[in-house]
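The structure appears below as structure tokens.
It should be emphasised that the depicted structure is a prediction, and the values quoted were computed from it without experimental measurement. Every chain is numbered from 1, with letters handed out A, B, ... down the list of sequences.
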Amino acid sequence: MTFTLDAVLAARRFEVSLSLEPGETVAVLGPNGAGKSTLLSVIAGLVRPDSGRAEVDGRVLFELGAGMHTWTAPHRRGTALLAQDPLLFPHLSVLENVAFGPRSAGVPRKEARDRARHWLAEVDAGELAGRRPGELSGGQAQRVAAARALAVDPDVLLLDEPLSALDIHAAPLLRRLLKRVLAGRRAVIVTHDVLDAYMLADRVIVLEEGRITEDGPTRDVLRRPRSRFAAGLAGLNLVPGTVTAGGLRSGDGLDFAGQHDDPLAPGQAGVAAFPPSAVSVFLDEAHGSPRNSFRVTVTDLEPHGDQIRVRAGELSADVTPAASADLGLAPGLEVYFVVKAAAVSIYPA
Amino acid sequence: MTFTLDAVLAARRFEVSLSLEPGETVAVLGPNGAGKSTLLSVIAGLVRPDSGRAEVDGRVLFELGAGMHTWTAPHRRGTALLAQDPLLFPHLSVLENVAFGPRSAGVPRKEARDRARHWLAEVDAGELAGRRPGELSGGQAQRVAAARALAVDPDVLLLDEPLSALDIHAAPLLRRLLKRVLAGRRAVIVTHDVLDAYMLADRVIVLEEGRITEDGPTRDVLRRPRSRFAAGLAGLNLVPGTVTAGGLRSGDGLDFAGQHDDPLAPGQAGVAAFPPSAVSVFLDEAHGSPRNSFRVTVTDLEPHGDQIRVRAGELSADVTPAASADLGLAPGLEVYFVVKAAAVSIYPA
Amino acid sequence: MGRPRGNAYSGIPRWVVAVAAVGALLVLLPLAAMVARVNWPQFIPLVTSESSLTALGLSLRTATASTALCVLFGVPLALVLARGDFPGQRLLRAFVLLPLVLPPVVGGLALLYAFGRQGLLGRSLEIAGLQIAFSTTAVVLAQTFVALPFLVVSLEGALRSAGSRYEAVAATLGARPTTVLRRVTLPLVLPGLASGAVLSFARCLGEFGATLTFAGSLQGVTRTLPLEIYLQREADADAAVALSLLLVVVAVVVVGLSYRGPAPAGTGSRPARSAGGQGTA
Amino acid sequence: MGRPRGNAYSGIPRWVVAVAAVGALLVLLPLAAMVARVNWPQFIPLVTSESSLTALGLSLRTATASTALCVLFGVPLALVLARGDFPGQRLLRAFVLLPLVLPPVVGGLALLYAFGRQGLLGRSLEIAGLQIAFSTTAVVLAQTFVALPFLVVSLEGALRSAGSRYEAVAATLGARPTTVLRRVTLPLVLPGLASGAVLSFARCLGEFGATLTFAGSLQGVTRTLPLEIYLQREADADAAVALSLLLVVVAVVVVGLSYRGPAPAGTGSRPARSAGGQGTA
Amino acid sequence: GGASGGGAAGGGTTVSVFAAASLKAPFTQLAEQFEADNPGTTVTLSFAGSSDLATQISQGAPADVFASADTKNMAKLGDAGLVEGSPRAFATNVLTIVVPPANPASIGSFADLANPGVKTVICAAQVPCGAAAKTLEQGTGTTLQPVSEESSVTDVLGKVVSGEADAGLVYVTDAKAAGDKVREIRFPEAAEAVNTYPIAAVRTSKNKDAAAAFIAAVTGSEGQQVLRGAGFGTP
Ligand SMILES: Nc1ncnc2c1ncn2[C@@H]1O[C@H](COP(=O)(O)OP(=O)(O)OP(=O)(O)O)[C@@H](O)[C@H]1O
Ligand SMILES: Nc1ncnc2c1ncn2[C@@H]1O[C@H](COP(=O)(O)OP(=O)(O)OP(=O)(O)O)[C@@H](O)[C@H]1O
Ligand SMILES: [Mg+2]
Ligand SMILES: [Mg+2]
């Protein structure tokens with residue numbers, strides 16, 4: 001445990017305990033007003049909890065409560081926060097905004113600018129370098145703010161909804177960039193998008209009304225949600241395995257045809273992800289376009305909204321009650337789970 | 001044509017012509033920095049174009065250019081703008097923020113507050129009425145800002161990414177609310193989400209680099225995109241018809257099983273929507289969980305990304321090239337298009 | 001390792017505090033020296049003498065009236081200067097600032113030339129039955145003249161800092177410019193307006209030269225506390241110091257009560273969307 | 001039907017413009033009357049006389065020095081008052097504002113009591129070989145004393161209006177408080193700092209009473225332009241008016257050059273994210 | 001930065017003279033003459049109200065000579081032990097009536113000042129010219145209803161010159177300096193309140209000899225002639 005946090009903030013009904021391993025990225029999900037941004041602000045040192053303690057690599061960030069007043073100022077915490085609002089410094093150009101962090105860390109001006117240019121290019125905002133923040137569109141500002149936070153190269157990176165306001169081309173680009181940057185880095189990322197949580201984080205926590213209601217590896221939480229909120233998130237099928245040319249071979253030797261999200265090298269570890277709603281259930285093998293057809297044994301049936309979730313070991317399918325009745329689905333029955341390759345995304349693990 | 005706009009703003013490389021029928025809602029899609037927010041600001045009267053003309057129901061909003069200087073002030077335009085930033089008045093409570101519009105229109109204080117309370121309840125923010133904007137989370141502020149714009153009850157409603165920052169429960173709620181409010185109202189709504197465009201608008205325009213590159217009924221543009229940007233949007237299958245208990249019966253008499261997005265009464269007009277990637281292609285009818293299986297004739301095959309888009313009349317399916325080859329797909333071939341009910345959304349038309 | 005007491009960020013470098021302490025000393029030391037010099041046994045009778053109390057009352061009345069006039073005229077002027085865009089704007093600003101640099105006595109002369117019996121408007125005013133010179137009106141006019149720029153400059157700065165984003169939003173919600181002004185602009189720049197009004201009031205309260213020149217000095221009519229102090233000084237500098245202390249106490253009370261240094265929450269340009277980092281405590 | 005010339009929103013109600021015009025007239029009329037009274041043939045020799053030019057030079061030098069001191073001490077004071085949170089903050093604010101209401105002559109006395117030969121610190125200063133009273137240093141000190149509150153009040157208002165959101169962001173990016181101050185806080189409140197400095201400079205330039213009392217009136221050493229004007233007035237009020245005109249012209253030039261009323265873009269608290277509604281033109 | 005006042009400048013002797021503001025014109029002339037007569041000696045003049053100057057000197061201002069417009073302020077310094085020897089009277093001044101050139105209120109005598117509707121401006125009783133006016137009121141049995149009691153003669157004169165007041169009581173020297181901007185109306189009762197100007201060296205002076213020489217020049221015939229020229233009387 002090299003990062004630990006315990007914090008209570010009564011005014012916002014916030015009471016959270018959290019710890020991060022070195023290099024671990026945690027995604028924070030939860031409804032509006034649950035305390036996600038508050039959590040980041042507490043870690044960054046912008047909001048002072050009523051009591052609690054935080055420590056990173058043996059350094060105490062704060063220790064507050066009866067008689068305790070240890071408090072490390074934000075700029076010494078080694079954290080960088082991408083807040084929900086871009087908050088670009090209005091008097092500085094875009095380039096100077098991004099160079100601000102490196103400059104503050106003592107990097108010489110020229111090098112800081114080079115670094116800023118690098119990160120601007122990474123978020124596809126290189127041509128905005130000379131503008132003032134007031135001359136940017138919402139999505140442009142969001143990207144520049146992301147570049148500014150990334151340019152700091154902090155011990156703990158705190159990202160509050162980094163992908164909102166982005167267009168359909170920019171969002172995947174930034175998602176891939178974050179995936180790369182967050183690899184092996186301690187980070188906390190707030191998002192409303194399950195796919196982001198899955199792609200970017202090792203672990204997910206769900207915050208509801210200021211408290212953590214779920215905490216665990218992303219796959220587990222998404223697959224078997226216990227909280228009301230997480231239950232609303234799609235229960236993704238996640239199959240780990242080895243990347244192949246056209247998809248992924250699971251540990252059990254099943255071949256999944258799918259879409260490679262990124263250029264992936266065959267042989268590397270990967271995961272196939274697809275929603276239960278994309279899985280069709282057949283009693284017999286049928287010859288059709290779907291590339292994936294697996295013979296499985298139904299283990300469980302449970303209602304899921306107005307659908308029936310059919311579990312077969314690690315995999316699940318959502319079907320209408322009518323279909324379930326029609327096919328006579330019951331635990332122990334052997335069926336075929338059929339999924340189109342277009343519905344299966346393959347990610348690096 | 002009761003609303004027409006022609007505007008040129010050289011500094012932002014913006015040059016747009018647009019017109020709206022009474023009661024028509026237009027969705028604006030486009031990449032970051034394309035000029036979507038600029039368009040709304042020009043209509044609302046916050047940004048003054050270099051030249052151009054706008055008129056609503058015979059009233060001239062502006063007429064600028066050589067020698068022409070007609071300019072109607074923002075507050076007389078009968079427009080209400082929900083900007084990309086919530087911009088709640090920091091010195092007023094949430095309730096007073098929402099009551100601001102009605103108050104400005106001369107509604108007595110008590111009635112304005114009642115109206116404000118109504119709209120706050122509609123966006124599920126009733127319990128925030130007494131707070132200051134500074135005490136709201138990002139998503140809460142977004143909802144209150146939406147309520148504030150809606151409470152104005154304007155001739156033309158301008159919404160800039162109204163659904164960003166909302167959690168997975170709040171977003172569908174607000175989407176349904178907007179659907180209801182926008183019915184029969186002139187509105188322009190900026191979004192990055194195709195589904196929002198489809199659900200909320202009668203027509204969609206795509207802006208790229210300050211110019212309109214697509215303009216037409218939502219279904220047509222989404223189904224047959226011509227611009228690079230629109231091509232990146234999913235090419236949804238959209239089938240109009242009549243709502244039935246379990247789905248929708250199309251004009252051709254096909255029955256689509258699907259998910260009712262809203263409580264829908266059987267017999268009313270509706271549309272079934274599903275992405276081509278959710279459609280499987282079979283050579284023979286197979287007995288499986290998918291409720292929808294239609295015998296169709298392939299009319300066209302075209303590459304779509306690394307997939308093949310199989311068109312059959314109005315419907316299309318995306319399959320991998322391998323599947324296409326395997327099944328020997330070719331125009332004229334009779335096949336079965338199979339879609340799970342879980343993948344089909346039924347909307348009111 | 002700062003220790004903010006609220007839960008908001010506030011990082012003041014330590015050397016800034018040190019320099020501020022020196023600055024405060026620069027102001028506090030003379031005040032302390034003055035207090036040390038007061039002849040206390042003499043103090044009470046002096047400050048409660050009829051002439052002193054009359055002068056004090058007149059000062060408070062006129063300064064209040066003048067501050068009201070400053071707000072009345074200064075707010076529109078500041079608005080026009082901050083938000084308007086017209087030829088001659090910079091020139092107008094420079095002229096409105098002029099009374100700041102005019103030695104007050106000369107300001108009084110200028111007022112005489114304008115509103116005096118022989119002045120530009122004097123003839124017309126006299127025909128209208130208005131006699132300004134040697135009246136309390138003249139005191140108020142003199143104070144308004146010297147104090148107006150204080151309000152305008154402070155408020156214009158605040159207006160520019162606040163920007164016009166919220167005003168634009170209010171307009172799109174259908175608010176007429178007057179409504180926008182009353183319900184959005186003014187509440188948002190309240191801190192600036194408050195400091196401007198305090199500065200104006202203080203300047204009015206301390207006004208001496210222009211009043212003396214333009215209005216004269218007659219007990220109960222035009223002799224405000226500074227004029228009284230000046231006269232007392234002719235007899236006895238210590239008496240003047242004692243009276244000044246009275247003025248200072250009055251000012252501290254009035255300023256202390258009216259100018260609370262509005263809480264940062266709900267002020268100017270804090271955008272509505274909270275990044276979670278701005279506690280209000 | 002306003003006609004903004006830029007492409008930003010700016011809705012000034014028409015009646016505001018009318019009231020502003022009356023306010024402007026209130027200031028402009030006396031100035032015009034004054035200009036009308038100037039005896040032009042006498043003007044040139046008077047303002048170019050050695051004593052006038054010496055006094056002008058002294059005024060400019062001392063006012064500049066004093067404004068620098070005001071900025072040096074006033075910025076930290078304003079920061080501590082606006083951002084700090086400590087017991088006695090309101091009391092400190094009230095005391096720092098006091099020189100505003102003190103009649104300048106009394107302020108001069110207070111300074112004498114503090115820094116004069118017989119004053120609180122006088123003895124110690126004399127031992128250290130420093131003679132402050134009746135020297136140019138005294139002029140600067142007197143001007144700083146009376147002008148400091150102007151800077152503090154304007155700047156504190158601007159700081160409060162601006163809020164501390166950007167400062168918080170800068171801190172999370174690793175900037176030390178000093179860096180935050182230099183690169184974020186000060187640039188953001190530049191309009192407020194500028195108006196504060198202008199007000200201070202103007203107040204220094206017009207300072208008369210405290211200077212006369214604390215520094216005396218010695219040509220070339222302590223006789224600033226207002227003191228020279230005072231002396232001229234003993235002989236001939238018109239000469240004083242003519243000299244004042246010189247002061248006014250100098251002030252307009254200095255203020256006009258230094259205080260451009262910074263463009264709304266890039267100022268204070270306009271959040272980075274543009275709602276598209278804020279043109280910069 | 002400037003040097004502090006007083007002290008020697010340029011190797012020569014410097015005499016620092018603190019004089020009442022009303023002495024500006026004659027003393028400036030006198031100082032030039034004195035410098036011409038005593039090469040190497042510089043006279044620096046500091047003008048202000050007499051009470052200002054007295055306060056400054058008692059607070060340690062580097063003055064060598066103090067010339068006051070009244071005996072009261074000189075006495076104040078004397079009580080504080082700051083006067084070298086005994087002060088010498090070097091000039092007198094009496095009050096006179098000034099009216100705007102057109103004399104709108106048709107003032108002809110001191111008693112006319114009390115006529116109803118006449119806007120009379122006098123000095124406040126706390127300042128020498130006001131004290132003198134009080135004496136005249138008592139002596140003549142006239143009760144004035146002034147519209148303003150100014151704190152200095154200059155302010156009284158200013159009100160008359162600008163036409164604001166119908167009449168004012170000022171010193172003859174002021175009336176003379178104002179030239180044709182005002183009309184002077186002399187009245188015999190004025191002689192009952194004569195104001196005396198005393199001059200003395202300051203005890204803390206470091207140039208006592210030069211100070212004495214300057215005082216001698218002022219009280220000498222040449223000095224008296226200059227003062228008479230400005231309208232002052234001989235004590
Ligand atoms: N400055 C503040 N003062 C008091 N309460 C606040 C403040 N800021 C936020 N809150 C409240 O604290 C709770 C947590 O807010 P927070 O911003 O952390 O939510 P969030 O999880 O980030 O929500 P969102 O998804 O909408 O951004 C909310 O109920 C909010 O209203
Ligand atoms: N105030 C301004 N001054 C100058 N240029 C501006 C200004 N605001 C925006 N722009 C530029 O105008 C273009 C259009 O901006 P606009 O805000 O309309 O984009 P948008 O389509 O809303 O983008 P987004 O999806 O990111 O919100 C962009 O290139 C932007 O950089
Ligand atoms: Mg948040
Ligand atoms: Mg936008």
Side-chain angles (χ1 to χ4, degrees), chain B residues 40-41 43-47 72-94 96-107 131-142 144-145 148-158 160 164-165, chain C residues 6-10 79 83-87 155 158-159 161-194 260-281:
Chain B
L40 297 198
S41 295
I43 298 175
L46 297 183
V47 165
T72 303
H75 66 282
R76 302 199 187 166
R77 295 199 171 194
T79 56
L81 170 65
L82 169 62
Q84 206 163 351
D85 228 3
L87 285 175
L88 300 177
F89 303 124
H91 59 293
L92 299 179
S93 72
V94 162
E96 286 165 327
N97 260 285
V98 180
F100 186 92
R103 291 284 292 139
S104 296
V107 174
R131 297 226 199 149
R132 295 267 150 173
E135 299 164 0
L136 299 181
S137 77
Q140 289 168 339
Q142 181 73 23
V144 173
R148 183 175 65 173
L150 294 176
V152 171
D153 193 20
D155 293 346
V156 183
L157 189 57
L158 307 169
D160 204 343
S164 70
Chain C
N7 55 15
Y9 170 74
S10 119
L79 276 169
R83 296 274 187 269
D85 181 11
F86 54 92
L155 191 57
L159 280 168
S161 285
S164 56
R165 312 184 75 207
Y166 291 105
E167 294 162 22
V169 171
T172 66
L173 295 172
R176 285 175 308 128
T178 304
T179 310
V180 174
L181 180 63
R182 187 171 50 85
R183 295 206 55 204
V184 178
T185 313
L186 290 183
L188 283 178
V189 295
L190 210 57
L193 183 58
R260 290 162 186 268
T267 54
S269 22
R270 172 148 168 234
R273 179 183 282 193
S274 163
Q278 297 69 43
T280 46

When you compare the side chain of [Y] with that of [X], does any pair of heavy atoms fall below 4.5 Å?
X      : Y      : result
C:R165 : B:D85  : yes
C:T172 : B:L46  : yes
B:H91  : C:L190 : no
C:P187 : B:F89  : no

- Item | Minimum heavy-atom distance between C:L173 and B:F100, given as atom pair plus value |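 Shortest heavy-atom contact: CD1-CD2, 4.0 Å.
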
- Task: Check side chain to side chain donor-acceptor pair (under 3.5 Å) between B:D155 and all other residues, then give those that pass, not counting sequence neighbours.
- Result: none

- Listed partners of C:T179 passing side chain to side chain contact (heavy atoms under 4.5 Å, CB included), at least two apart: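 Partners of C:T179 under the side chain to side chain contact (heavy atoms under 4.5 Å, CB included) test: B:S104, C:A175, C:R176, C:R182, C:R183.
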
- Engaged part of B:L158 at the chain C interface, taking heavy atoms whose separation is under 4.5 Å: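 Neither part; nothing is under 4.5 Å.
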
